[in-house]
K.L.:
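Sending over a structure as structure tokens; questions will come in a sec.
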Amino acid sequence: MGEYIIKRTLQMTVVFFLFLVFSYLLFNAIPGNAFSNLLLNPDLPPDAYNRVLELYGLDKPLFERLQLYIVNFFKGDFGYSYKSFPKTPIELISERLPRTLMLFAIVNIVSFYTGFFIGKILAWRRGSQSETWITLTSVFSYTVFYPWFALMMLWVFGYKLGWLPIGKFLYPEKWYDAPFDSDIVFSSMIKFTIVVSLIQFAAYLATRGIESLSSRRNLRFASLIAIFIGSYFYWNNGAALIKKPYAADIAYHMILPVMVVTIVAFAGTALLTRTTMMEVLKEDYILTARAKGISQKRIRDRHAARTALLPVVTSFIFTIVTIIDGSVLTEQIFSWPGMGQLLLQSVLEEDIPVAMACFSFVGVFALVAHLLADISYSYLDPRIRIKSQG
Amino acid sequence: MSKEVLSVKNLNMHYETLSGDVHAVKDVSFSVKEGESFGLVGESGCGKTSVAMSLLQLQADNAKISSGSIVLDGVELVGMNESELRKVRWDGISIVFQGAMNAWNPVVKVGEQIREAIREHYPEKSKAENTEKIESLFKMVGLDAAVIDRFPHELSGGMKQRAVIALALSCDPKVVIADEPTTALDVVIQDQILNEIKKVQELLGLSLIYISHDIAVIAEMTDQMAVMYAGSIVEIGPTDKVFSTPKHAYTRLLLESTPSVVGEKKKLRSLDGEPPSLINEITGCSFSPRCPDPSDDCKNQNKEMKLVEIEPGHFADNCCVDCG
Ligand SMILES: Nc1ncnc2c1ncn2[C@@H]1O[C@H](COP(=O)(O)OP(=O)(O)OP(=O)(O)O)[C@@H](O)[C@H]1O
Ligand SMILES: [Mg+2]
């Protein structure tokens with residue numbers, strides 16, 4: 001396994017290098033850039049002009065610039081933003097990225113679980129009335145024109161009903177005299193989410209080996225309750241207590257985008273799960289499981305859904321890869337100041353160092369996600385063995 | 001005489017299909033005693049698997065048991081609800097399916113799949129006890145204990161089949177059904193598996209229902225047997241009696257079309273024609289269209305199909321007993 005990962009990482013580095021070269025050449029092919037616009041400014045004194053040229057190395061020939069860019073890139077130096085000098089692309093990204101990841105991690109987890117759950121039920125109840133209706137609804141939400149749908153939801157929940165905020169990720173007036181930055185609150189929310197998921201995962205692993213099904217279930221349930229109580233104490237004590245109203249504000253702003261994207265995103269998972277699981281249900285081992293006297297619910301979850309999981313996870317990982325580029329539309333509609341907006345802005349404003357950094361980030365993200373996908377397959381399906389020679 | 005474990009009386013089952021009802025099991029009655037092995041033989045499509053599935057009440061969604069009774073150890077199975085049936089399955093009757101190669105869930109370890117069955121019926125057993133049980137079963141069917149931690153795709157066909165037998169025995173069922181357990185295996189392995197089943201059956205004193213289209217295998221494996229044709233039992237009795245004095249024309253044809261089961265070498269006879277479609281209700285003798293030398297009664301469909309006792313314990317259908 002270790003050998004496999006090293007090998008894949010090397011391969012990925014080569015792919016990434018090519019990716020970088022092509023992106024650079026593509027950006028270079030755009031006529032003009034924010035920087036040359038700046039140079040057109042007749043009020044700029046000549047020595048300033050030269051200093052700027054030197055600072056950004058723009059007077060060098062293309063090949064030399066490319067070389068320099070790549071060397072600097074692997075040193076971790078992405079240059080400076082043209083638009084928001086002296087901020088670096090890294091600074092801009094590290095401010096925006098958590099907001100996007102938080103939003104879309106939640107969307108993906110929620111839509112994966114609802115999609116998988118609904119697909120499972122649909123396959124199980126095939127032929128029933130409810131199955132027909134839910135399948136039709138899923139097909140609708142799978143095919144609906146997303147921007148239109150998002151705007152409709154905004155109009156209904158934000159404007160007509162007025163239940164949810166229309167955009168942004170916080171109410172600025174509430175944060176006017178906040179003792180800290182929104183990013184600090186945000187990062188503690190992320191940390192909290194990660195810790196909770198890890199604890200739950202650990203509880204799941206720890207109870208795996210218990211032979212009696214009922215005590216396994218009870219222990220898992222108890223751990224869930226413990227997590228709830230723990231969270232309650234965490235948010236009502238110490239430093240977290242002060243952050244609580246602000247965290248709540250952010251969470252409140254997340255409801256609508258999470259809801260809208262989930263409604264659109266769950267359907268793909270649900271329909272795919274339904275199809276694969278209907279195939280699995282025809283398999284002989286489902287009959288064996290029934291003959292063994294296993295409960296219907298356990299056959300559904302443990303035998304049918306478990307085996308149907310692989311293609312669903314594959315397609316899910318491909319959706320994760322598109323989180324950042326897919327977020328462009330969503331963040332634009334909900335005025336969510338994340339990576340998607342940064343990417344769009346930097347391209348429109350021809351802020352090339354930032355745009356390049358954003359794209360490289362997307363590239364790295366995609367490559368790593370694929371590696372993780374391949375590794376997770378071997379756990380999901382023992383028939384797939386990762387060979388280091390492969 | 002040992003007592004009856006399983007008794008099936010006048011069982012009727014049909015599949016509802018778009019082109020009409022398929023009467024796959026017609027008025028089938030038989031019983032299995034403790035420690036006895038019972039064979040069910042007949043050509044493909046005659047309804048053997050349908051009988052087996054009805055015993056477990058695992059028939060397909062479009063199947064309906066219209067009448068009859070299945071009594072296991074004094075308990076009626078027909079009409080039981082799902083949760084009562086779940087208790088009977090595997091603990092009361094277990095089955096080795098036809099094509100048991102695909103009986104294993106590919107993503108769960110073999111040991112875990114056996115454990116799951118035991119856990120369902122004996123939740124109080126500890127993990128160590130279950131492991132011990134599985135290991136002893138594996139030993140009995142000639143498998144290595146390490147197979148517990150293997151995934152199904154890591155086993156050969158023969159090993160999978162042995163493991164399926166271990167699985168079928170895991171809850172000490174009262175009756176085990178083996179539905180053509182050796183199809184899809186090569187001849188050598190087939191033979192080994194048959195010996196294994198026979199050995200286990202004698203060792204544990206199992207009540208076994210052995211289903212096959214191969215009458216030679218039935219001869220080797222069973223004490224009592226029934227011959228099925230087009231959904232009905234046409235001859236039933238002690239295996240040696242059926243073999244030495246076959247009464248029904250179909251049984252005789254089956255025996256003659258099988259090489260060297262009994263007696264001296266004869267020219268093999270082949271069975272012409274197709275079994276009748278089970279969609280239409282057949283009145284009169286179902287075998288008469290294929291009967292090589294039908295009696296008048298058989299040809300003219302004079303008699304209803306009905307088993308008559310020829311000698312103690314040996315029955316045959318009365319419309320074809322006199323045919324040549
Ligand atoms: N789900 C079903 N729906 C409709 N007809 C069915 C169904 N299952 C079986 N049949 C029909 O019922 C009849 C008996 O089938 P069954 O599987 O019991 O035969 P079998 O004796 O086990 O044959 P084989 O030796 O090939 O396994 C066949 O004509 C078959 O086509
Ligand atoms: Mg069959």
Side-chain angles (χ1 to χ4, degrees), chain A residues 123-128 131 207-218 276-314 376-387, chain B residues 52-53 55-61 82-109 112-131 150-154 164 167-168 170-171 173 177 179:
Chain A
W124 197 247
R125 295 201 184 152
R126 69 199 171 286
S128 69
E131 191 243 6
T207 49
R208 261 174 75 125
I210 295 174
E211 190 74 357
S212 152
L213 286 181
S214 55
S215 59
R216 193 189 295 182
R217 193 171 333 120
N218 290 344
T276 45
M277 185 148 144
M278 287 204 325
E279 282 308 308
V280 172
L281 285 174
K282 290 185 202 142
E283 296 283 348
D284 284 349
Y285 56 81
I286 301 295
L287 192 62
T288 311
R290 285 178 60 204
K292 286 196 286 193
I294 310 294
S295 72
Q296 296 284 339
K297 186 171 168 293
R298 198 169 154 78
I299 294 176
R300 185 189 71 195
D301 296 346
R302 174 79 188 165
H303 288 278
R306 170 69 181 73
T307 329
L309 197 59
L310 190 73
V312 180
V313 167
T314 313
S376 69
Y377 289 167
S378 69
Y379 285 103
L380 283 176
D381 190 341
R383 286 168 296 182
I384 297 171
R385 278 276 157 259
I386 286 182
K387 285 194 200 76
Chain B
M53 289 308 197
L55 295 185
L56 280 156
Q57 302 282 291
L58 267 182
Q59 62 277 36
D61 296 336
E82 183 67 22
S83 66
E84 289 167 330
L85 280 172
R86 272 178 49 204
K87 296 207 180 77
V88 173
R89 292 182 186 148
W90 228 250
D91 195 30
I93 308 180
S94 70
I95 181 165
V96 174
F97 284 109
Q98 188 170 10
M101 296 307 194
N102 305 322
W104 297 104
N105 184 336
V107 301
V108 183
K109 284 181 182 161
E112 171 58 27
Q113 294 189 51
I114 301 179
R115 220 182 273 284
E116 184 185 43
I118 307 178
R119 201 155 52 204
E120 187 67 39
H121 297 284
Y122 301 97
E124 69 285 348
K125 289 240 169 95
S126 75
K127 191 164 186 166
E129 277 174 305
N130 291 349
T131 311
R150 298 272 197 87
F151 284 103
H153 70 276
E154 296 170 316
V164 167
L167 174 64
S170 60
C171 293
I177 305 171
D179 186 359

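Only this structure's heavy atoms are used, side chains among them; waters, hydrogens and symmetry mates stay out. Proteins come first, then strands; the chains are lettered A, B, ... in the order of their sequence lines, and each starts at number 1.
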K.L.:
Distance only, no hydrogens: is a donor on one side chain within 3.5 Å (strictly under) of an acceptor on the other, for A/H303 and B/E116?
P.N.:
yes
K.L.:
Considering only heavy atoms, which portion of B/L85 lies under 4.5 Å from any heavy atom of chain A: side chain, backbone, both, or neither?
P.N.:
neither
K.L.:
Checking B/D91 against chain A: side chain, backbone, both or neither under 4.5 Å from a heavy atom?
P.N.:
neither
K.L.:
Rounded at 0.5 Å granularity, tell me how far CZ in A/R302 sits from CD in B/E112.
P.N.:
5.5 Å
K.L.:
What are the two closest non-hydrogen atoms of A/D284 and B/N102, and how far apart are they?
P.N.:
CB-O, 3.3 Å
K.L.:
Quick one: list whatever passes side chain to side chain donor-acceptor pair (under 3.5 Å) with A/D301, sequence neighbours left out.
P.N.:
A/K120
K.L.:
Of the backbone (N, CA, C, O) and the side chain (C-beta and beyond), which part of B/K125 lies under 4.5 Å from a heavy atom of chain A, both, or neither?
P.N.:
backbone
K.L.:
With a 4.5 angstrom heavy-atom cut-off, could you sort out which part of B/E124 is near chain A: side chain, backbone, both or neither?
P.N.:
neither
K.L.:
If the test is side-chain contact (heavy atoms from CB on, under 4.5 Å), which one of B/V107, B/V108, B/N105 qualifies with A/Y285?
P.N.:
B/N105
K.L.:
Output all residues satisfying side chain to side chain donor-acceptor pair (under 3.5 Å) with B/R150, sequence neighbours left out; order by chain, then residue number.
P.N.:
none
K.L.:
Quick one: which residues of residues 287-299 of chain A reach chain B at under 4.5 angstrom, heavy atoms only?
P.N.:
A/L287, A/T288, A/R290, A/A291, A/K292, A/G293, A/I294, A/S295, A/Q296, A/R298
K.L.:
Considering residues at least two apart in sequence or located in another chain, which fulfil the salt bridge (charged side-chain N to carboxylate O under 4.0 Å, His left out) criterion with A/E279?
P.N.:
A/K282
